[in-house]
Novice: 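First, the structure itself, so that you have it in front of you.
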Amino acid sequence: MTAGGSRGRRSGEARHRERLLREQWLAARQQARRWAGASEGELHVAAQLLALTARGWRLLVDRGWPGGRTAHADMLLVGPGGVFVLDVKNWPSPPDTSGGRLRADGEPRDVDAEKLLAATHATESAVASLGMSPVAVHPFMVFAGHRVDTRLTRVRLLGEREWASALLKEQHRLRAETVRALVDHLARTFPDHEAIALAEAPPPPPDEQRQEESDDGLFDLDGLREAAFEEALRAPMEQWMTFLHPDQVALVRRNWAGPARISGPAGTGKTVVGLHRAAHLAQRTTGRVLYVTFANNLPRVQGTFLKALSPAVADRVDFRSLHSWAQEFLHDCGVPFRLHSEKSGTAFSFAWKQVGRDSCLSEVDPGHNYWKDEIDHVIKGRGLTSFEEYAVLDRRGRRSSLRRPQRQAAWELYEEYETQRRVRGVHDFNDILSLALAEARRRADEPRYASVIVDEVQDLGLVGVRLLRTLVGDRPNGLLLIGDGQQAVYPGGFRMSDAGIDIRGDRGQVLGTNYRNGKEILDAATDLVAGDSFEDIDGARTSGRRDVDLTYHGGQVVRVEAPTAAEHDQALLAALRELPPETLADCAVLCPSKRALGDYQRLLERAGIPVFPLEQYDGRPVDAVKLGSYHRAKGLEFKRVYLPDHAASLTHDSRPPELAAPETARERDELARSRLFVAMTRARDVLWLGTIRRRGDER
Ligand SMILES: Nc1ncnc2c1ncn2[C@@H]1O[C@H](COP(=O)(O)OP(=O)(O)OP(=O)(O)O)[C@@H](O)[C@H]1O
């Protein structure tokens with residue numbers, strides 16, 4: 001069809017919709033007169049409500065409305081945009097919300113907002129048992145006879161002309177059958193409310209009457225029409241944006257008396273719970289919520305999800321990576337620092353040459369990376385300041401045990417590194433966290449956040465966790481740690497108790513239903529790490545093969561083995577080329593190293609396959625294959641995941657195995673398997689595993 005043709009059709013549809021809307025509106029006004037005693041403004045609101053019922057919205061009205069306002073809520077309205085708890089006000093003056101208080105005619109009216117919020121919480125509880133997240137329940141205060149559009153914490157205050165279009169503009173969440181089920185459930189839960197709908201629309205009124213009615217100035221037909229058109233264009237949101245498992249909703253809404261922890265295997269909805277909880281906490285408090293993770297790209301993606309999930313609170317949740325937050329914080333506090341990874345790296349190389357390479361350290365592991373990790377993740381990552389502490393430290397997550405002379409040598413290497421770093425006048429990432437921790441402790445009486453949610457907590461070091469804890473202390477609902485020790489991709493480790501965090505009773509929760517991976521995919525990933533038990537941050541040692549309930553029994557693992565790199569790469573290109581172009585957006589090619597990333601980027605680009613770097617991905621759809629490292633894929637998921645030359649990531653260590661002590665080699669192997677496990681569990685439907693049987697071929 002030509003563009004002109006479709007424009008013509010759309011304007012025909014528009015005229016039809018407008019006529020329908022007017023008819024429904026007129027019928028509604030007639031029917032609204034049944035509320036004897038209602039003011040003209042209330043009648044007007046009632047008529048709009050009834051008109052909405054003709055558009056698939058369902059209405060439960062307090063039997064006493066208008067007048068008796070002691071019941072939970074004047075009205076509950078359920079439709080594609082969610083559940084709306086309405087309180088209709090017939091105040092002579094418009095509301096005043098200055099200073100965060102509700103007033104009218106100079107009189108305080110906060111109690112009205114509190115009542116509406118109480119009704120909203122009761123409604124949230126009622127729908128929570130069906131698995132509905134509190135993000136889909138919206139309190140609206142509607143002012144008959146006034147033009148208003150503002151917000152007081154969570155409550156939206158809207159005039160009689162504004163409220164209906166605001167409601168139609170809400171993101172679509174519910175299908176018609178869900179709306180019906182919710183209303184039936186709410187009607188049973190709130191027997192004081194009766195379901196009301198527009199009686200069958202009367203025949204269209206004569207033109208003159210239509211003109212007179214639409215000119216009465218009460219019904220903002222333009223706004224409503226515009227919202228109704230937008231409404232028709234938008235598809236319902238993904239299921240998990242509104243409905244969760246009731247156990248997940250319970251975690252989202254729970255009141256925790258102190259720090260809490262949510263763990264669970266890959267794909268069990270930990271982040272989904274974290275995001276809903278961030279929205280829920282932001283709805284309930286006036287303070288800000290900080291949502292932190294380790295990777296740099298993940299906060300952007302999570303921020304995009306929260307905007308879709310709960311746009312009303314999105315600007316009160318800060319999504320940040322730990323290091324970027326710490327830098328911003330230091331900057332805001334006027335603390336000078338000079339982060340320079342390259343110069344820090346040079347400082348370490350110098351130190352290694354001077355005191356490390358020819359010391360007893362090489363008996364344990366001759367590779368300087370092992371010792372760099374020891375400084376980054378054990379010594380500085382845990383904030384050690386004296387050799388005495390290090391001498392007796394339980395080096396969690398490190399397989400090799402060090403004797404005292406070896407610890408002395410490692411400490412000497414650390415001290416030399418610090419000297420070299422200071423000579424160059426630079427800081428490393430650990431210094432940034434330590435500086436931020438010191439500053440946060442100094443400013444402990446200036447709370448910046450009501451709550452802090454930490455995702456992928458297993459990747460953070462001890463100093464990072466201490467820093468985040470300092471921001472909220474042990475206050476109720478202050479700190480939530482989300483993560484899974486099996487997905488640790490960095491060496492070393494810590495226990496929550498090392499950070500003084502005490503998780504008791506129901507504040508430690510484990511999720512056990514995988515909502516992401518097809519069975520075959522999860523089985524393949526689990527087989528890889530089945531023999532690797534791991535210690536989580538609560539100190540519990542867990543077997544690599546864990547009990548998980550599956551919700552998705554499909555899924556496919558495609559294994560391709562090729563004798564040469566060239567044939568392997570051709571198989572990858574063929575697999576991508578056979579997909580319809582529109583499905584490329586749901587695909588990710590993941591690589592274990594920077595070098596492999598560069599290789600595959602060139603390969604795909606030369607083949608004309610559009611590629612988008614995961615580093616820049618922000619969760620919004622892009623028509624290109626996502627390309628990134630295993631690390632960058634953390635916390636994300638894709639319908640199809642391609643892992644070219646994946647077995648190489650398990651044997652990337654070029655040193656002869658006899659040179660490394662078995663414990664350090666084992667630690668490296670376990671870490672490599674963990675990383676590959678993370679990459680494999682990003683796949684929902686298809687996991688493509690490429691292997692090159694013979695190496696050394698030209699790509
Ligand atoms: N209640 C639910 N109903 C349907 N789908 C769900 C539900 N909860 C989560 N999901 C789906 O499961 C996927 C995995 O969830 P999420 O990313 O929160 O898991 P996770 O435990 O954080 O995973 P990982 O640790 O592997 O990063 C989500 O993308 C979402 O599509």
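Any value given below was found using the heavy atoms of this structure, including those in side chains, with hydrogens, waters and symmetry copies removed. In listed order, ligands and their atoms are each counted from 1.
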Novice: When the ring centroid of Tyr642 is compared with that of Tyr600, is the distance short of 6.0 Å?
Specialist: no
Novice: May I ask whether Thr681 has any heavy atom positioned less than 4.0 angstrom from an atom of ligand 1?
Specialist: no
Novice: Heavy-atom distances under 4.0 Å decide this one: backbone, side chain, both or neither, for His276 against ligand 1?
Specialist: neither
Novice: Considering only protein heavy atoms, which is closest to atom 27 (O) of ligand 1, and at what distance to one decimal place?
Specialist: Arg682 NH1, 3.2 Å
Novice: Tell me which one of Thr513, Val272, Ile262 gets a heavy atom nearest to atom 18 (O) of ligand 1.
Specialist: Val272
Novice: Check this for me, if you would: do Glu637 and Arg682 make a salt bridge, where the nitrogen-to-carboxylate-oxygen distance has to be below 4.0 angstrom?
Specialist: no
Novice: So Trp240 and His276, would you call those rings parallel, tilted or perpendicular, with 30° and 60° as cut-offs?
Specialist: perpendicular
Novice: Select the closest option to atom 7 (C) of ligand 1 among Phe243, Tyr515, Phe305, judged by heavy-atom distance.
Specialist: Tyr515
Novice: Take every heavy atom of Gly264, measure it against each atom of ligand 1, and state whether any distance is under 4.0 Å.
Specialist: no
Novice: Would you mind checking which non-hydrogen protein atom is closest to atom 19 (O) of ligand 1, with the distance to 0.1 Å?
Specialist: Gly269 N, 3.0 Å
Novice: Which atoms of ligand 1 are found less than 4.0 Å from any heavy atom of Thr268?
Specialist: 19 (O), 20 (P), 21 (O)
Novice: Decide yes or no for Phe638 and Cys587: does some side-chain heavy atom of the first lie under 4.5 Å from some side-chain heavy atom of the second?
Specialist: no
Novice: With a cut-off of 4.0 Å, which atoms of ligand 1 are near a heavy atom of Glu456?
Specialist: 27 (O)
Novice: Between the main-chain N or O of Pro265 and the side-chain N or O of Lys270, is there a donor-acceptor pair closer than 3.5 Å?
Specialist: yes
Novice: Any atoms of ligand 1 less than 4.0 Å from a non-hydrogen atom of Glu637? List them with their elements.
Specialist: 13 (C), 14 (C), 28 (C), 29 (O), 31 (O)
Novice: Can you tell me which residue and heavy atom of the protein come closest to atom 20 (P) of ligand 1, and the distance to 0.1 Å?
Specialist: Lys270 N, 3.4 Å
Novice: If the contact criterion is a heavy-atom separation under 4.0 Å, does Arg684 count as touching ligand 1?
Specialist: no
Novice: Counting only heavy atoms closer than 4.0 Å, does ligand 1 sit against the backbone of Lys634, its side chain, both, or neither?
Specialist: neither
Novice: Short list, please: which atoms of ligand 1 are under 4.0 Å from a heavy atom of His245?
Specialist: 1 (N)
Novice: Find out whether Trp688 and Val560 are in side-chain contact, i.e. whether some heavy atom of one side chain is under 4.5 Å from a heavy atom of the other.
Specialist: yes
Novice: Would you mind reporting whether Leu167 and Phe84 have side-chain heavy atoms less than 4.5 Å apart?
Specialist: yes
Novice: Between Trp240 and ligand 1, which residue portion shows a heavy-atom distance shorter than 4.0 Å: side chain, backbone, both, or neither?
Specialist: side chain
Novice: With heavy atoms of Ala266 as the reference, note each atom of ligand 1 found under 4.0 Å away.
Specialist: 25 (O), 26 (O)
Novice: Looking only at distance, does Arg516 have an N or O less than 3.5 Å from an N or O of ligand 1?
Specialist: yes
Novice: Would you say the side chain of Arg277 lies within less than 4.5 Å of the side chain of Leu480, judging by non-hydrogen atoms?
Specialist: yes
Novice: I'd like to know if the side chain of Asn514 reaches the main chain of Ala266, judged simply by a donor and an acceptor atom lying under 3.5 Å from each other, with no hydrogens or angles considered.
Specialist: yes
Novice: State, with a plain yes or no, whether a side-chain heavy atom of Ser321 is found less than 4.5 Å away from one of Pro299.
Specialist: yes
Novice: Any idea which atoms of ligand 1 are less than 4.0 Å away from a heavy-atom of Gly635?
Specialist: 27 (O)
Novice: Do Thr242 and Ser133 make a side-chain contact, defined as non-hydrogen atoms from C-beta onward lying under 4.5 Å apart?
Specialist: no
Novice: Starting from atom 8 (N) of ligand 1, locate the nearest protein heavy atom and write down its residue, its atom name and how far away it is, to 0.1 Å.
Specialist: Gln248 NE2, 3.2 Å
Novice: Between His185 and Phe190, does the ring centroid distance fall short of 6.0 Å?
Specialist: no
Novice: Using a 4.0 Å cutoff against the non-hydrogen atoms of Leu244, which atoms of ligand 1 qualify?
Specialist: 1 (N)
